[in-house]
Every structure is written in C-alpha cells, then in structure tokens.
Amino acid sequence: MPRESPAATAARLRSISAALKQAYPTAHCELNYSKPLELLIATILSAQCTDKQVNLVTAELFKKHRSATDFANAPLAELENDIRRIGFFRNKAKHIKACCQKLVEQHMGEVPRTMEELTALNGVGRKTANVVLGNAFDVNVGVVVDTHVSRLSQRLGLTKQQTPERIEQDLMKLVPQEHWTMFSHWLIWHGRRRCFARKPDCASCELRSLCPSSSVLVKS
C-alpha cells in the first residue's frame, strides 16, 4: 500500500470522525460521577480496570466519602477495604488519600483546572488529567489515550507510535482541538462495541472503508 500523504490522512480523519459521530451520537465518559472530585477519584481507580467495575465500587464509595476532606481523613485501611474489589486497590487507596490531602492543603479541597496542577497530584498522570479537564470542565488540553484509543489509532493508520504520549501528540496534530475530548469518546465506544482487541467486527464496522487494517474487502 502506498504511503498516505498528510493531507490524505487529514481528509480520512475527517471522514472517520463523521462516521463515528453518526454511529455514537451519545458517546460520553462511562464512569459515573456527579462532580469533578468524583470523576478524579473514579479515573484513578479505572487504571487497568473496567469502568463497569469502577462504577460498582464508587456507587457506595461516593455515598460514604463526599469531599476531598473525607478522603484525606479516612484511615488508609478503611479506604483499602472500600475499594478492595478494584485491582491494585492498596496502591490506589494510597494515591487517593495523598491526592485528596494535597487538594485540601493546596486547593481548598477543589479539583484544579490546569494540566500542571492536576499532574502534580498523587496518582494523576496526563491521561487522568485529560479525562477530568475534558469531561468535568470542558477544557480540551489533550487527547485521552487509553488502551482503546491506542489500539484504534494504530489500526486506523493515524499513528505508528507505541507510547501513549507520542500517540497523543500525533492525534493532537490531526484532530481539531475542539474535538479532542469527543474523539477519545468515539474511539473508546467503538473499541468497546466493534473494534475489539482480539476479534474486531470488521464485517459490521462503520469504518471498514476508511480503515487500512480492515479484513473486509470494500469494492470501490
């Protein structure tokens, strides 16, 4: 297959975005939350864990701990027990407690709205910060790159990079900034519903004519 020009990739990206928007008009963050702090905590918990499992745990967790002060003051053993159904619960409990202590000490218990301040919190990397900024505050600072976004952006020929940081940089060059948050949602929803890791449903895929990795021959 001849190498695609940057202009051709950009044009194909626009078609991909349009097809995904049509396929998933209600795409959104599937972590349950009612305020920025809850989204921050849920996203920390979601590392190497499904959103469904996180939502089961946070349904009770957020009733018990309602503020950053509540999390900061909770005994570590209690927090561990509250989230023990989540993978790596001991480390995540430490991160959450320390994160909320910083929120109380440095931000009056409120979740900050900048990448720099968020990534200075315990357990918060760029991906988590992007989730919070894009969904809680409607601020597009970057593109969330989780396992679905990484897999699909590679399959779709939008990047050849392997690390989340470099994949994000490639996507930020292609996708208009106002669409960064939604583009992540579209890819995540497509990855969960169609473009599976092991057996992607290429035959039914809305992107089969736009995807260089499609196993379905599309007649021109």
Side-chain angles (χ1 to χ4, degrees), residues 13 16-18 20-63 65-68 70-71 83 86 92 95-96 99-100 102-103 107-153 158 164-165 167-172 174-193 195:
L13 184 280
I16 289 170
S17 295
L20 289 172
K21 182 178 181 180
Q22 183 175 8
Y24 310 109
T26 61
H28 59 275
C29 177
E30 293 186 279
L31 291 169
N32 293 336
Y33 68 97
S34 62
K35 53 189 175 183
L37 176 66
E38 291 181 355
L39 180 58
L40 175 60
I41 300 300
T43 308
I44 292 173
L45 291 174
S46 72
Q48 295 179 285
C49 184
T50 66
D51 287 0
K52 182 178 180 180
Q53 185 65 32
V54 172
N55 289 337
L56 290 173
V57 169
T58 57
E60 295 302 319
L61 182 70
F62 294 156
K63 293 178 183 177
H65 307 288
R66 298 180 179 274
S67 68
D70 290 344
F71 282 104
I83 65 171
I86 298 285
K92 290 178 181 179
H95 287 322
I96 289 170
C99 173
C100 287
K102 282 189 178 179
L103 289 180
H107 303 283
M108 296 187 294
E110 298 297 318
V111 177
R113 301 188 179 208
T114 70
M115 175 64 70
E116 294 72 22
E117 290 172 313
L118 280 168
T119 52
L121 300 172
N122 297 70
V124 180
R126 186 172 175 88
K127 186 192 85 170
T128 295
N130 276 329
V131 171
V132 173
L133 290 170
N135 293 281
F137 300 124
D138 196 26
V139 176
N140 288 295
V141 175
V143 179
V144 173
V145 179
D146 70 350
T147 55
H148 299 290
V149 174
S150 177
R151 181 176 74 253
L152 269 67
S153 60
L158 302 177
E165 295 79 11
I167 291 171
E168 182 186 8
Q169 291 303 310
D170 280 354
L171 293 179
M172 288 169 66
L174 286 170
V175 181
Q177 185 171 358
E178 63 268 25
H179 296 156
W180 284 352
T181 297
M182 283 308 305
F183 190 73
S184 294
H185 289 324
W186 291 332
L187 288 187
I188 290 168
W189 276 49
H190 196 61
R192 288 173 175 168
R193 292 157 175 81
C195 193

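Reckoned from all heavy atoms, side chains included, excluding hydrogens, waters and symmetry mates. A quick note: this is a predicted structure, and the numbers were derived from the prediction, not measured.
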Any side-chain to backbone donor/acceptor pair from [X] onto [Y]? Under 3.5 Å, distance only.
X	Y	answer
Asp170	Ile167	no
Lys102	Ala120	yes
Glu38	Ser34	yes
Ser150	Thr147	no
Lys127	Ala47	no
Asn55	Glu30	yes
Trp180	Val141	no
Thr58	Leu61	no

Look up atom [atom1] in [X] and atom [atom2] in [Y], then write down how far apart they are to the nearest 0.5 Å.
X	Y	atom1	atom2	value
His148	Leu187	NE2	CG	10.5 Å
Met172	Asn140	CE	CG	9.5 Å
Ile188	Asp51	CD1	CG	8.0 Å
Ile96	Asn122	CD1	CG	11.0 Å
Leu31	Ile41	CG	CD1	12.0 Å
Leu121	His95	CG	NE2	12.0 Å

### Task
Determine whether the aromatic ring centres of Tyr24 and His190 lie less than 6.0 Å apart.
yes

Using every non-hydrogen atom in the two residues, find where [X] and [Y] come nearest and quote the distance to one decimal.
X	Y	value
Leu40	Cys99	CD2-SG, 3.9 Å
Asn130	Gly142	OD1-N, 3.2 Å
Val54	Cys49	CG2-SG, 4.0 Å
Phe137	Pro112	CE1-O, 3.6 Å
Ala68	Cys100	O-CB, 3.4 Å
Leu39	Cys29	CD1-SG, 4.0 Å

Kindly indicate whether the side chain of [X], heavy atoms from C-beta on, has any atom under 4.5 Å from the side chain of [Y].
X	Y	answer
Leu103	Leu37	yes
Phe183	Leu13	yes
Val111	Leu118	yes

### Stepwise side-chain contact (heavy atoms from CB on, under 4.5 Å) check, Val132 with Val124
CA-CA 10 Å; Val132 173; Val124 180; over 6 Å; no

### Task
Under the ring pair (Phe, Tyr, Trp, His ring centres under 6.0 Å) rule, collect the residues that match up with Trp189, sequence neighbours excluded.
His28

### Message
One pair to check against side-chain contact (heavy atoms from CB on, under 4.5 Å): Arg113 and Val139. What are the steps and the verdict?
### Response
CA-CA 8 Å; Arg113 301 188 179 208; Val139 176; 5.8 Å; no

### Parallel, tilted or perpendicular, as decided by the 30° and 60° cut-offs, for the rings of His65 and Phe71
tilted

### Query
Any side-chain donor paired with an acceptor under 3.5 Å for Thr114 and Glu117?
yes

### Residue that, paired with Arg126, satisfies salt bridge (Lys or Arg N to Asp or Glu O under 4.0 Å) out of Glu116, Glu168, Glu165
Glu168

### Message
With a 6.0 Å cut-off (strictly less than), is the heavy-atom count around CD of Glu178, excluding the residue itself, greater than 12?
### Response
yes

### Query
Take atom CD in Glu110; do more than 12 heavy atoms of anything else shown fall under 6.0 Å from it?
no

